[in-house]
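Everything quoted here is computed from the prediction, not taken from an experiment. Order of the sequence lines sets the chain letters (A, B, ...), proteins ahead of strands, with each chain counted from 1. Note that these values count all heavy atoms, side chains included, but never hydrogens, waters or copies made by symmetry.
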Amino acid sequence: MTLEQQLAAQVKVVVKDLYGIEADDKQIQLQKTRPEFEGNLTLVVFPFVKAARKAPAQVAQEIGERLVGELVERFNAVQGFLNMVIAQDYWVHCLEKIAADERYGLTPVTPESKLMMVEYSSPNTNKPLHLGHVRNNLLGWSIAQIQEANGWKVVKTNIVNDRGIHICKSMLAWLRYGNGETPESSGKKGDHLIGDYYVRFDKEYRKQIAELVAGGMDEETAKKEAPLMKEAQAMLLKWEQNDPEVRALWKKMNDWVYAGFDETYKMMGVSFDTIYYESNTYLEGKKEVERGEKEGLFYRREDNSVWADLTKDGLDEKLLLRSDGTSVYMTQDIGTAKLRFRDYPIDKMVYVVGNEQEYHFKVLSILLDRLGFPFGKELVHFSYGMVELPNGKMKSREGTVVDADELMAAMIQDAKEVSKDKVLRLNDINEEEQNEIARKVGLGALKYFILKVDPRKNMLFNPEESIDFNGNTGPFIQYTYARIRSVLRKAAEQEQAKTGKISLEEKEIELIQRITEFPNVIKQAGEEFSPAVICNYAYALAQAFNSFYHDYSILNEPDEAKRAFRVQLSAVIARTIRQAMMLLGIEVPERM
RNA sequence: GGUCUGGUAGCUCAGCUGGAUAGAGCAACAGCCUUCUAAGCUGUGGGUCGCGGGUUCGAAUCCCGCCCGGAUCACCA
């Protein structure tokens, strides 16, 4: 039972006794005492004032007097706030118990656990990953870790959009202008190579449009009539007809892209348990839509297109199959859902996709429900905000796209620069370890920078300003961890005798209290789908430790029992920081 | 226009299931390294919480209206 639960039970009894109030949980408001007052927990007594028919301060005083006992050592009443000082014994035992539980705060995953599938990343295969994908990947990975810590069996998945007109454009441009260039011959990562040809297509295509317009054609027509576009569409048709040559080229170029993506994912530290490809799922979607039509869930128009009528759900009508029988985005998502449900006993399906697709997922949820997928109605669209640059959204045409690979490399390079002289204080440090530290710190800075922002909100990234390594940052927390680890290594060399009663410092109690919040923080992060909650917690914990570390010595503390206590406290904090960072996908270095 | 979403310090963000004098970081300024890692600690300055009403003992937080920004409402994905 937590401290809050114990106190709440006592308050319930006292309030009944004193004023005859049958208090419900909502009326018992316990909060952390503000630092300017003495105490650890504060009871807000306003909810009882009316029934008590007394002044708030007096009610607080009366309740306080009755609460004093084993748990509540003393109290002070300020207006309607009852600030309680919790007995030191409680905190000492509390830390003892937490220290013994290596997985404190984490709910174990059992065979009975429900299964949550988390889809994230979901790239197109015509260009490399950019900053927007970075946010997606980091959120997806982190939320998977967080849900697992909440006791879900989690399956991480990725849907790769490997077919369609966009990849044909790259293929076509490569055929015409590529001269057989390969990742090997050019030294480019496969995804970047394909991305370059996608850009090349766009450039040549626009040239053609301009020529047609100059020749007197209006722009709309020119866009459709440009020879390159016609060729790309012809290629898509050939692809759908399984033309061996087109398929072979498609496979070759996609494989290049995947090799490139794999490198990026690896550097980012994310992975998937299973990957789906739209080239495999879109036909399945068609079948499902046709089934739905037979069952009268959808209807066919005269031009042979298939629609879902969502007007009863307050939405409009939604196209599911084009008049030429080809599938649209929605069709593919239905097919993917079908295959996933065939492969896994999904209890909850989570889609990590940008907020620009909210409407799409609202519709998908209704459609899946109609088609009889149990998770359809309750599917979660983990909708996150855009990453904006100082002058607005990223636009590939304006060359303002922040490339994921370049960004990570730059962060690691920055970390290297920063750590260059700091790392000198460490003994026996070799280049390999230095590089490893720079990698962890650089990526830690980037990941924390992105994850600390409420996922639902748009966030700003300024490429001109490098991401900080001081203050509320990943490296700050990593540094705190490294510091503790350094102390603990030294502590291991000396005997720690845990005997005798000790008195705790306020900052020590503050730290223990913080640690007791960890389970709730994980729970809240899971319920709200918010890694930012973990970030805020890790930061506050690190901050509190640094303040303690500054004021008190751990290893030079003369009192043996105190010293042993502080070593244990530090160890628990290091562990908690490491676990919190793990939930964010951020590694912590032993030294930095 | 309909729907959704945001507006908090110069900048980036917390706080939003109502509680005490609205918090961090960056930037600025002032201190602290013969002592366990100074990527740290301590302090100063900086706010009509978009505006106006309402509910309440109490509103940045809840409700209504308005202003400003973003997203979305495709036989694109």
Atom CZ of A/Phe382 and atom P of B/U5 are separated, to the nearest Å, by 16 Å
Review point. Is A/Arg456 touching bases, backbone alone, or none of the nucleic acid, heavy atoms closer than 4.0 Å?
Key: nothing
Between OH of A/Tyr549 and P of B/U42 the distance, given in whole Å, is 14 Å
B/S/- along nucleotides 68-77 of chain B (protein heavy atoms under 4.0 Å) is --SSSS-BSB
Rounded to whole Å, the CG-P distance (A/Leu426 to B/A38) equals 11 Å
On a heavy-atom basis, the closest approach of A/Phe298 and A/Val289 is CD1-O, 3.6 Å
Does the side chain of A/Asn137 pick up a donor-acceptor pair with the side chain of A/Ser121 at under 3.5 Å?
yes
Query raised in the report: With a 4.0 Å cut-off on heavy atoms, is A/Leu460 in touch with a base, just the backbone sugar-phosphate, or nothing at all?
Result: sugar-phosphate
Exactly one candidate in A/Phe75, A/Phe46, A/Phe37 meets ring pair (Phe, Tyr, Trp, His ring centres under 6.0 Å) with A/Phe81; the answer is A/Phe46
Atom OH of A/Tyr448 and atom P of B/C13 are separated, to the nearest Å, by 14 Å
Q | Spacing of the C1' atoms in B/C16 and B/G23 (rounded, Å) | A | 14 Å
For nucleotides 16-25 of chain B, print each protein N/O atom paired with a nucleotide N/O atom at under 3.5 Å, atom names and distance only.
residue: B/G19; atom: N7; partner: A/Gln29; partner atom: OE1; Å: 3.0
residue: B/A20; atom: OP2; partner: A/Arg34; partner atom: NH1; Å: 3.2
residue: B/A20; atom: N6; partner: A/Thr42; partner atom: OG1; Å: 3.1
residue: B/A20; atom: N6; partner: A/Asn83; partner atom: OD1; Å: 2.9
residue: B/A20; atom: N1; partner: A/Asn83; partner atom: OD1; Å: 3.2
residue: B/A20; atom: N1; partner: A/Asn83; partner atom: ND2; Å: 3.4
residue: B/G23; atom: OP1; partner: A/Arg34; partner atom: NH2; Å: 3.4
residue: B/A24; atom: O2'; partner: A/Tyr539; partner atom: OH; Å: 3.0
residue: B/G25; atom: O2'; partner: A/Asn472; partner atom: N; Å: 3.4

Task: Ring-face cation contact, A/Tyr384 with A/Arg135, 6.0 Å cut, 45° max - done: no
The answer to which of A/Val533 and A/Ser547 contacts RNA chain B further toward the 5' end, by nearest nucleotide, is A/Val533
Would you tabulate the pairs of protein nitrogen or oxygen atoms and nucleotide nitrogen or oxygen atoms of nucleotides 31-35 of chain B closer than 3.5 angstrom?
residue: B/U35; atom: O2'; partner: A/Asn556; partner atom: ND2; Å: 3.4

Sorted by chain and number, sequence neighbours left out, salt bridge (charged side-chain N to carboxylate O under 4.0 Å, His left out) with A/Asp551 holds for A/Lys507
Between CD of A/Glu510 and P of B/C41 the distance, given in whole Å, is 14 Å
A/Glu4 meets the salt bridge (charged side-chain N to carboxylate O under 4.0 Å, His left out) criterion, sequence neighbours left out, with none
Taking for A/Glu590 and for A/Pro455 the nucleotide of RNA chain B with the nearest heavy atom, the one nearer the 5' end belongs to A/Pro455
Rounded to whole Å, CZ of A/Phe449 lies from C1' of B/C26 at a distance of 11 Å
Worksheet item: At under 4.0 Å between heavy atoms, what does A/Val49 touch on the DNA or RNA strands: base, sugar-phosphate, or nothing?
Response: nothing
- Item | Check: A/Phe48 ring centre within less than 6.0 Å of A/Tyr19 ring centre | no
Query - A/Tyr329 and A/His360 aromatic centres sub-6.0 Å - result: yes
Contacts under 3.5 angstrom, residues 530-537 of chain A side chains, donor-acceptor by atom type, not counting sequence neighbours:
residue: A/Ser530; atom: OG; partner: A/Ala532; partner atom: N; Å: 3.4
residue: A/Tyr537; atom: OH; partner: A/Arg514; partner atom: O; Å: 2.8

*Are more than 12 heavy atoms from other residues, nucleotides or ligands located less than 6.0 Å from atom CZ of A/Arg575?*
yes
In whole angstroms, the gap separating C1' of B/C11 from CD1 of A/Ile467 amounts to 15 Å
task = Decide if atom NZ of A/Lys50 counts as having more than 12 heavy atoms of other residues, nucleotides or ligands within a radius under 6.0 Å.
result = no
Discussion item. Does the Lys NZ or Arg CZ of A/Arg301 fall within the cation-pi geometry relative to A/Trp307 - under 6.0 Å from the ring centre and within 45° of the axis?
Written reply: yes
Would you indicate what A/Val418 reaches in the nucleic acid, counting non-hydrogen atoms under 4.0 angstrom: base, sugar-phosphate, or nothing?
base
